[in-house]
Amino acid sequence: MDLEKLLTDRLAPAFATVAGVPVDPVVRRSPRADFQSDAALALARRLGRPPRDVAAEVLEYADLADVCSVAEVSGPGFLNLTVADAVLAGLVSALATDPRLGVPVAAEPETVVIDYSAPNVAKEMHVGHLRSTVIGDAAARLLEWLGHRVLRANHLGDWGTPFGMLIEHLADLGEAEAAHELSMGDLDSFYKAARAKFDADEAFAERSRRRVVALQGGDPVTLRLWRLLVEQSEQYFLTVYGRLDVTLTERDFHGESSYNDLLAPVVEDLGRLGLLRESDGAACVFPPGSVGRDGEPLPLIVRKSDGGYGYAATDLAAIRQRTDALGATRLLYVVGLPQRRHFEMVYAVAAQAGWLAPPARAEHVGFGSILGSDGRMLRSRAGGSVKLVGLLEEAIARATALTRDRNPELGEAEAAEVGRAVGIGAIKYADLSNDRHRDYVLDWERMLSLDGNTAPYLQYAYSRIRSIFRRAAVAARPNATVTLAEPAERALAFELVGFGRVVGEVAEDLEFHHLAGYLYRLAAAFSAFYERCPVLRAEGPVRDSRLVLCDLTARVLRQGLHLLGIRTPERM
Ligand code: ARG
């Protein structure tokens, strides 16, 4: 039970008595007391009475005696509430013995499909795929921990006309050489070489076009070469996921091609439902509400004029499969904001067709771009897109060097391990601690800094707490009695008991910067506590109580960072 809810439950009946109708007390943390409720102000306006009188009357009816040490009217008519130390201490004690740290399992677990990462075969993953991978994986970890059945869907771009030229290029190179290039992760140069030949050499272009037809027709040799391309790319993506500490596995690849057999029925059924219109030879659906700048209705093209199916048809087939065969009720699409319109239209058409009906719903978990220090889209020095592995290597190298400087006592192997955890953690946290709807600037200095809202700061806070227990050579005793006398102890306790609420909110809105911000506040509250309240130098019950606060802080930090996909080394 979190405190906002406890106080709300106590105040609501009193407000209802005074108002004659239900009123939300709007309880929130307050700079003046522990909590405040401002609802008396609006209510007084409605009743045409002085706000302080209304607030005082609410207090008379409210049953707060066992929860608050002080409950008083302040200013123009606020209610200021101070939580009794014993109540707060009781909540902390309950948390200390709760393996779930105050985060209940979902009351109604559901099947959630999370569509994320989704790079394209024979193409380098770019930083947009990095964002999708990091955010999607955090969503998967969090929803799984809440008890939902999470299905990871890596909607690999593994089909379409470019495969004609890619397969021809592969055939020209020879299978062994092509496999070698691809397994090195040199996907971009492979793709570019194919593209260059396609543009310069008409005979090659013609062969490529015939190859597309052979691929679609299921020609066995062509299919074998295609599979080689897909498998090499998949192996490469898996090494990137391993580097990134991402939970995606081989089983989660559900490439676009896996929907091929479902595309014709999708279009047929749309026709049968009377939803198709022809536009320039293409079969289209015009979902209600989709209009362009000029006010003209916008079409979703489900079959191109050449008879081929494209991206939209595949996404429609995938929705149908996810709700129908997989039984999912929540469909998440972690894809950049430029594709927002596409998804809005796909969801609208799926709803029209009856493939996406309540309780099933789809959400586009969109995100902005990563910018370079010049404030523009991140580019490599040569002007091309930045190679994801290069970025990860750089993060690990920088973090490892910093780790060696800061703590020369760590052995070689441990420094490398810590450098990896810090480097990867820094990349992920820089992403997740920013409002995902916005662009953010990739700033090495800032994201690797030990001060501020960064992964290294939180990881350091964790390792520092662990070192307290190492130095004292004591284990945590979660059953010890908690007493809260110092303001810094109370402030830390309030943060600790807020974990459940923030996790519950993020499960809804998938705004991970709220979880990041929470962990940062928690670590800062711990710092303030540790500065003012001696732990190992304290004695008896005070020492035991403070050790409970230390241990609980470490456990919440570790669990919170784990949900973000970030490791917590024991020493740094
Ligand atoms: N492969 C696509 C791209 O790189 C992303 C796919 C996103 N998922 C989906 N169901 N459309 O842009």
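Quick note: residue numbers are just sequence positions, from 1. Computed from a predicted structure; not experimentally measured. Whatever order the structure lists them in is the order used to number ligands and atoms, beginning at 1.
Contacts with ligand 1 closer than 4.0 Å are made by side-chain heavy atoms of Phe343 only, the backbone lying farther away. Neither the backbone nor the side chain of Leu156 has any atom closer than 4.0 Å to an atom of ligand 1 (non-hydrogen atoms only). Residue Asp315 touches ligand 1 through its side chain alone, judged by heavy-atom distances below 4.0 Å.
Between Glu202 and Arg209 there is a salt bridge, with a side-chain nitrogen of the basic residue lying less than 4.0 Å from a carboxylate oxygen of the acidic one. Taking the charged nitrogens against the carboxylate oxygens, Lys428 and Asp245 have no contact shorter than 4.0 Å, which rules out a salt bridge. The pair Arg207-Asp172 meets the salt-bridge criterion, with a side-chain N (NZ, NE, NH1 or NH2) lying under 4.0 Å from an Asp/Glu carboxylate O.
With hydrogens left out, the protein atom closest to atom 6 (C) of ligand 1 is Tyr311 OH, 3.3 Å, a heavy atom.
The heavy atom nearest to atom 12 (O) of ligand 1, out of those in His155, Gln339, His129, His342, is found in Gln339. Residue Asp115 holds the heavy atom nearest to atom 8 (N) of ligand 1 of all those in Asn154, Val113, Ile319, Asp115.
Residue Pro119 places no N or O, backbone or side chain, under 3.5 Å from any N or O of ligand 1. At under 3.5 Å, a nitrogen or oxygen of Asn120, whether backbone or side chain, sits near a nitrogen or oxygen of ligand 1.
For the pair Thr323 (side chain) and Trp355 (backbone), a donor-acceptor distance under 3.5 Å is present.
Taking the six-membered ring for Trp, Tyr440 and Phe367 have ring centres at least 6.0 Å apart.
Counting only N and O atoms by type, the side chains of Asp252 and Thr249 include a donor and acceptor under 3.5 Å apart.
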